[in-house]
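First up is the structure itself, then whatever we jot down about it.
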Amino acid sequence: MECASSPARIAVRIQREDFDAAAQANALTRGRADVGAVVTFTGLCRDEGGKLAALELEHYPGMAEDEIARVAAEAESRWPILGGVAIHRYGKIAPGENIVLVVIASSHRAAAFEAAEFMMDYLKTRAPFWKKEHLKDGREGAWVEAKDVDDAAADRWRAT
Amino acid sequence: MECASSPARIAVRIQREDFDAAAQANALTRGRADVGAVVTFTGLCRDEGGKLAALELEHYPGMAEDEIARVAAEAESRWPILGGVAIHRYGKIAPGENIVLVVIASSHRAAAFEAAEFMMDYLKTRAPFWKKEHLKDGREGAWVEAKDVDDAAADRWRAT
Amino acid sequence: MSQPIKLSYFAWVRERIGRPDETLQPPADVRTVADLIAWLSARGEEYAYAFEKATVIRVAIDRKHVKQDSPIEGAREIAFFPPMTGG
Amino acid sequence: MSQPIKLSYFAWVRERIGRPDETLQPPADVRTVADLIAWLSARGEEYAYAFEKATVIRVAIDRKHVKQDSPIEGAREIAFFPPMTGG
């Protein structure tokens, strides 16, 4: 038997359209009985106490896909992952709407939780996306500032 | 204004029927714009390499609800949780079917991830459920043995 | 002064003892969970078999986890079961 | 020996410079990302404004993150942007 290179287990998509988290998660487990744990993370747009009309998500086309694929490849090398999906939206997103989805399927829960959290931490600090606020009073708000706490969250995966 | 006691934010259900993880997660975010992160954990029945026909889940009625509610209350006291659901099934469950669901909604992803993982770790070691294997060859298999790794997973939340 | 107590058994503890529950009235000198396990174990082979590795047995009094040195006074229901394997 | 390089700008770097991208041919003594930032900053107010806090600026060469001491030789596309805020 030929030795084929293993296919990417975590699919990556960058899109303007909304996604269906449940359909994505179900597709990972359908017709198989080796998945014991599925962790789904959905990141949503908050209205920041009512002041926000929308977030405008700018991205670097091409690099956004590549960088999330690199994060996914690292997750696959660190945890036994049976399947996964990472979807990041761009464009104008209203409060309550989805921004990002990470789903990880594994035999065991610790791997699924860790890989999903790792993906989110790395994606937040490495994927080329930027959020600009649009305020309810019609004004264009500021660019969202990167948080030290996100860098710290990503850094903790280096110790392991 | 009267000071009402805060309602339980994490609903707990013990049931024989399957659950719809997506419907549960969607219900937590519908009509609100303060949720920034939803973590959904689904635990499924594995076929253990093809040998398993089903798992029979026995539980201690009454105590199962109470104990998961205690775990939920502790999660609510430790993390800023906006809403959540914990559902544990009992009875005969075939490979590929759902066993357990934990959904946590929060403003921020770290709280949602940690609270969901805490709930699962505690639920595994404290909720009175027991799994018995039914084998494909018709034989009644063994009771699943508790794993030290699950105790260790639960114990690590004490250090924090 | 001892009261009748409902005893419940789950999983292989239930299978070994051969019933899901029963109501018994232990003597007054059975004060702790460990005393109760010892008293039950002396009642018959099925109990001795269920409790042969007494330290692995988990116990709940009135639906709350307790340790084996816990007093049983006032208990209405005491449940015995193996380590949990839910989730 | 220097080649024309496509420069891309994102978020407030793009807004400050006033264009999403451009193709420039830096002189041969511009060898690293830091050299390039210094050279651009001297080209006009808009660049000086975009790069006023040069250390916070993130840089990618051919769609991979690099540090500011990285050599730019052979680069086809160099992108400048603020710290990422996706997710």
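Just so it is clear: chains get the letters A, B, ... in the order the sequence lines come, proteins before strands, and each one is counted from 1.
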Sort out for me which of H88(B), E145(B), R89(B), K147(B) touches chain C most, counting heavy-atom pairs under 4.5 Å.
H88(B)
Contact class of K131(B) relative to chain C, heavy atoms under 4.5 angstrom
both
Near R43(C) CZ, under 6.0 Å, is it more than 12 heavy atoms from other residues, nucleotides or ligands?
yes
State whether a side-chain donor-acceptor pair under 3.5 Å links S8(C) with E77(C).
yes
Who wins among A64(B), G62(B), A142(B) for the most heavy-atom pairs under 4.5 Å with chain C?
G62(B)
So, the part of E56(B) with a heavy atom under 4.5 Å from chain C: the answer is neither
If you tally heavy-atom pairs under 4.5 Å against chain C, which of L123(B), T125(B), D66(B) wins?
T125(B)
So how far is it from Y47(C) OH to L7(C) CG, rounded to the nearest 0.5 Å?
7.5 Å
In terms of side-chain heavy atoms, does Q24(B) have a donor or acceptor partner in R13(B) at a distance below 3.5 Å?
yes
Tell me whether the count of non-hydrogen atoms from other residues, nucleotides or ligands lying under 6.0 Å of CD in E17(B) goes above 12.
yes
Considering only heavy atoms, which portion of R126(B) lies under 4.5 Å from any heavy atom of chain C: side chain, backbone, both, or neither?
both
